[in-house]
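Notes for the one structure printed next.
All ligand and atom numbering here is 1-based and tracks the order in the structure.
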Amino acid sequence: MNSSLGLDQVKVYTIIKNNLPVGFSIVDREGLIVDFNAAAERITGYSSDEVMGKSHYQILHGTADNAGCPLLHLSLRHHENTVETESSIIRKNGGRAILSVTSFPLIDDAGTFLGGVELFRDVTAIKKLERERKNILQMFAHDMKNPVLTSGGLISRLLAGKAGELSPRQGEYLSIMQDNLQRVERLVMDFLDFSKYESKEYKPAFEYFDLKEKIRRVIDSVRVEADNKNIEISYIPPENGPVMIHADPMMLDRVMNNLLGNALKYTDADGKVRVELCRRKKNVVVHVADTGIGIPEKHLPHIFDAFFRGSRDSSGSGLGLAIARTIIEAHGGRIWVSSSPHTGTSFSFVLPTRDAID
Ligand code: ADP
């Protein structure tokens, strides 16, 4: 049959396949390669003729075991719809490559399982850069931590007169140094925390506790700061009984402190902050809303990115929300924001309750 391009459909298929800017391969139900395009040849180093009819697992993963390729294992054996993953392959020259892969099973109209398709891009260079960036930042933060803490301690001693009396000017200069050093210390500690929470090995220390009471305590701890700006904080938890959740109390403390700290920081004097806790069937939802400066729409997609700051003048590290998101996601939850400039901002997160996890 002719297509609307005026060409035979098989020809159109071949043209599309060979012009695709991503690797494309089809395997049959046994995982044997039955199609392999030009981009796949470039990425793997194998020609189409070399791989045709051969095992995908053996050629690209160096194993006869189909579980060696997680995505084909999932999409071929379990017939999962679309699987997106990163996969490591062995190139013809023996080198390893990291691929970003989308795969899906091929099922005909009668429901018969025919095989699977893989679309892939080589992300080895991007991954290497990401790793290097992380390593540099981590090394930097680790090496900064001790000198910063030691210097901070010594400045405090000098200011306390432990090394003799200071002239007013000496005291003034040392106070400025202390303020600046405290900013660096916050940045270093936030970064080390962020790296820790982000690492796959880090798991929340789960406990069963009352979130209603925990939030009340965090609010109490920021009351002085709120009073200084004459900001009214209201708290609306469910009326009856505690709100028990299975989570890491220290980590949730951190999230609530970050959200409340931001609400106070980005709200002008005489504003309002409202914290609401809602108990639902399988989860709990927390809202922290303020009547502050709001967030421009163009910033909203980046607000949870590490090091993102709305303004260069901000004294923050730009890591508070990235840490909050990492923590909430480590608990199987989700965090989001809605905001309009000059009206206010509302951060919300949802956490599964213990019953939902069990
Ligand atoms: P920072 O340390 O800069 O506060 P965060 O990760 O906590 O870092 O926040 C990132 C950016 O998000 C902030 O620089 C600020 O521009 C914006 N932001 C966060 N919370 C609020 C809020 N409640 N109101 C307005 N802007 C906010």
Using heavy-atom distances, let me know which of Phe194, Phe304, Phe307, Tyr266 sits nearest atom 13 (C) of ligand 1. Tyr266
Between Asp248 and Lys203, is there a side-chain N and carboxylate O pair less than 4.0 Å apart? no
If you measure from the Lys or Arg side-chain nitrogens to the Asp or Glu carboxylate oxygens, is any gap between Glu50 and Lys92 under 4.0 Å? yes
Is Leu321 in polar range of ligand 1, meaning some N or O pair under 3.5 Å apart? yes
Do Phe206 and His331 make the cut of ring centroids closer than 6.0 angstrom? yes
Under 4.0 Å, heavy atoms only, figure out whether ligand 1 is touched by the backbone of Lys265, its side chain, both or neither. side chain
What I want to find out is whether Glu185 reaches Lys145 closely enough, with some N-O distance under 4.0 Å, to be called a salt bridge. no
I need the atoms of ligand 1 closer than 4.0 Å to a non-hydrogen atom of Gly318, numbered in the order shown. 1 (P), 2 (O), 3 (O), 6 (O), 8 (O)
Which one of Phe308, Phe304, Tyr266 satisfies the ring-ring contact (aromatic ring centres under 6.0 Å, His included) criterion with His299? Phe308
Can you tell me if Asn258 has a non-hydrogen atom under 4.0 Å from ligand 1? no
Which of the atoms in ligand 1, numbered in the order shown and given with their element, are less than 4.0 Å from a heavy-atom of Ser317? 2 (O)
Flag the pair Glu276 and Arg274 as a salt bridge only when some basic side-chain nitrogen lies within less than 4.0 angstrom of an acidic carboxylate oxygen. yes
Less than 4.0 Å is my threshold; does some heavy atom of Gly292 fall inside it relative to ligand 1? no
For ligand 1, is any non-hydrogen atom under 4.0 Å from Phe347's backbone (N, CA, C, O), its side chain (CB onward), both, or neither? side chain
Would you mind running through ligand 1 and noting each atom that sits below 4.0 Å from a heavy atom of Ile295? 25 (C), 26 (N), 27 (C)
For Leu319, atoms of ligand 1 separated by under 4.0 Å from a heavy atom: 6 (O), 8 (O)
Any N or O on Arg309 sitting closer than 3.5 Å to an N or O of ligand 1? no
The atoms of ligand 1 lying under 4.0 Å from a heavy atom of Ile303, numbered in the order shown, are 12 (O), 17 (C)
Closest non-hydrogen contact found for Lys54 with Ile59 is CB-CG1, 3.8 Å
By the definition salt bridge (charged side-chain N to carboxylate O under 4.0 Å, His left out), identify the one residue from Arg217, Arg223, Arg216 that meets it with Asp220. Arg223
Could you tell me whether Phe308 and ligand 1 have an N or O pair separated by under 3.5 Å? no
Please determine which of Leu252, Val255, Ile335 meets the side-chain contact (heavy atoms from CB on, under 4.5 Å) test together with Leu351. Leu252
